[in-house]
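The next block holds one structure in the form of C-alpha cells; read it before the comments.
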Amino acid sequence: MFKKHFKYYKSKCPPPDLSNVINFRDAEFEKHQKVKRVELRGKNIDDLSNFGLKPINMWKMYEIADSPGFFVIPDPFTATGQRYWIQRCLRDFTRKPHSRLNLDAHGDLTKGEDWWETCCKYDVRSQNLLKKLRWATLGYHHDWDTKVYSEFARDPFPTDLATVCKYVCEAVGFPSFSAEAAIVNFYHLDSTLSGHTDHSEEDVTAPLLSFSFGQTAIFLLGGTTMDDEPSAVYLHSGDVAIMSGRSRLCYHGVPRIVLDTIQPWHLELDRDSEDLWIPFEKYVMSSRINVNVRQVLRQGQKSLSSVAS
Ligand code: OGA
Ligand code: MN
C-alpha cells in the first residue's frame with residue numbers, strides 16, 4: 001500500500017492528482033475528516049522571538065486522526081525566523097568540524113573546504129557541489145549503514161536548535177525532550193526519500209521533530225507496516241511536524257517536492273539585510289530543507305557508553 005501510493009505521488013508522467021493531499025494552508029482543511037485540532041500547552045515567553053518563533057498563542061496544532069501522535073504546527077516561525085534557520089542550515093550546519101556530510105565519503109570537497117562558501121562562487125564545480133549535498137548530520141551522527149549511534153561519532157549539538165526544539169516540545173506536551181541528533185536533509189525538485197521508519201533511538205517515547213523550509217514536500221505517513229494505507233500531507237516552509245506516540249515508529253517518506261506559489265520567508269525583509277540573503281534565497285527557490293531532530297539518550301542518561309556493557 002505504501003509503495004503504491006509512493007509511486008503514484010512520485011510519478012511525473014502522468015502527474016498525480018493532488019486534491020487528496022491534506023493542506024494546512026487551505027481555508028477549508030479543518031473540515032477534512034482526517035484532521036483534528038489539538039490544544040497546545042506552552043506559555044508565552046519573550047525568548048521565543050529570539051529563536052524566530054511567533055508567540056505560542058498564535059500557533060495552531062493538528063493531529064492526523066488515523067495516526068495518533070502525528071502533529072503538524074503550520075508555520076510557527078516569523079519570516080525573519082525562517083530566514084535565520086535557512087541560513088543556519090546552509091551556512092553553519094554544513095560546516096566542519098561538527099557536521100558530517102554525504103559529500104565526505106566521495107572526496108568531493110578538498111581538505112578544509114567549506115561547502116557553502118564554495119557554493120557561493122557560482123562556477124560549474126560549485127553548482128555541481130550545491131546539487132550534490134543531500135544531508136548533514138549533527139550531534140550524535142546518524143550512521144546510514146549500521147543505524148547505530150555511537151559515543152565515538154558525537155559532536156556538540158547546536159544550542160539554538162536544541163532550544164527551539166525544547167520550546168516546541170514543551171508546547172506539544174513533551175517537556176523532557178532533549179535534542180541530541182539531527183539529520184538536515186536537502187532536497188531538489190527531483191529528490192525523493194523512500195519509505196522508512198526511524199528506530200535507531202533507544203527511547204521511542206521521545207518524539208521526533210521535523211522542520212521544513214523552502215519548497216513544499218508531499219509527505220506520506222503510513223502505519224507500522226508497509227501494508228497500511230498512508231495519508232498524504234503537504235509540509236510547507238516553516239511547518240513543524242512531530243512524530244510521537246503511535247506514529248513514532250510509522251513508515252513515512254517524501255515521494256515528491258512541489259514548487260510553492262508563495263515565499264513565506266520574504267515578509268518583513270528590510271533592505272539592509274537583503275543582499276546577504278540573496279544566495280540563500282536562490283537555494284530555497286528550488287530546494288527544500290528538512291531538519292529532523294531526535295533524542296538519542298534515555299532521560300537522565302549522560303552518554304551511550306553507560307549502556308554499552
Ligand atoms: C528523515 C525524514 C522527512 C522529511 O530524515 O528521517 O523522514 O520531511 N525526513 O524530509
Ligand atoms: Mn524519517
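In each ligand, atom 1 is the first atom listed, and ligand 1 is the first ligand listed.
Of the heavy atoms in Arg294, only side-chain atoms (C-beta onward) come closer than 4.0 Å to ligand 1.
In summary, the aromatic rings of Phe24 and Tyr234 are positioned with their centroids too far apart to meet the 6.0 Å limit. Ring to ring, Phe213 and Phe77 are close: their centroids are under 6.0 angstrom apart.
Nearest protein heavy-atom neighbour of atom 8 (O) of ligand 1: Arg288 NH2, 2.8 Å. Nearest to atom 9 (N) of ligand 1 among the protein's heavy atoms is Asn292 ND2, 3.2 Å. Protein heavy atom at the shortest distance from atom 5 (O) of ligand 1 is Asn185 ND2, 2.8 Å.
Side-chain atoms of Tyr251 and Pro230, non-hydrogen and from C-beta on, never get closer than 4.5 Å to each other. Within the 4.5 Å cutoff, no side-chain heavy atoms of Asp145 are placed close to those of Lys147.
At least one heavy atom of Tyr187 sits under 4.0 Å from some atom of ligand 1.
Checked options Trp144, Phe93, Phe186; the residue passing with Trp135 is Trp144 (criterion: ring-ring contact (aromatic ring centres under 6.0 Å, His included)).
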Q) Can you list the steps and then say if Ile242 with Val168 is a side chain to side chain contact (heavy atoms under 4.5 Å, CB included)? A) CA-CA 9 Å; Ile242 297 125; Val168 169; 4.3 Å; yes

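Residue His252 approaches the Mn ion (ligand 2) most closely through its N/O/S atom NE2.
For Asn290, a nitrogen or oxygen atom sits less than 3.5 Å from a nitrogen or oxygen atom of ligand 1, counting backbone and side chain alike. Residue His252 places at least one N or O, backbone or side chain, under 3.5 Å from an N or O of ligand 1.
In this structure, Arg246 fails the cation-pi test against Phe70, since its NZ or CZ atom is not both closer than 6.0 Å to the six-membered ring centre and inside 45 degrees of the ring normal.
Vertex the Mn ion (ligand 2), arms ending at OD2 of Asp198 and NE2 of His196: the angle is 110° after rounding to 10 degrees.
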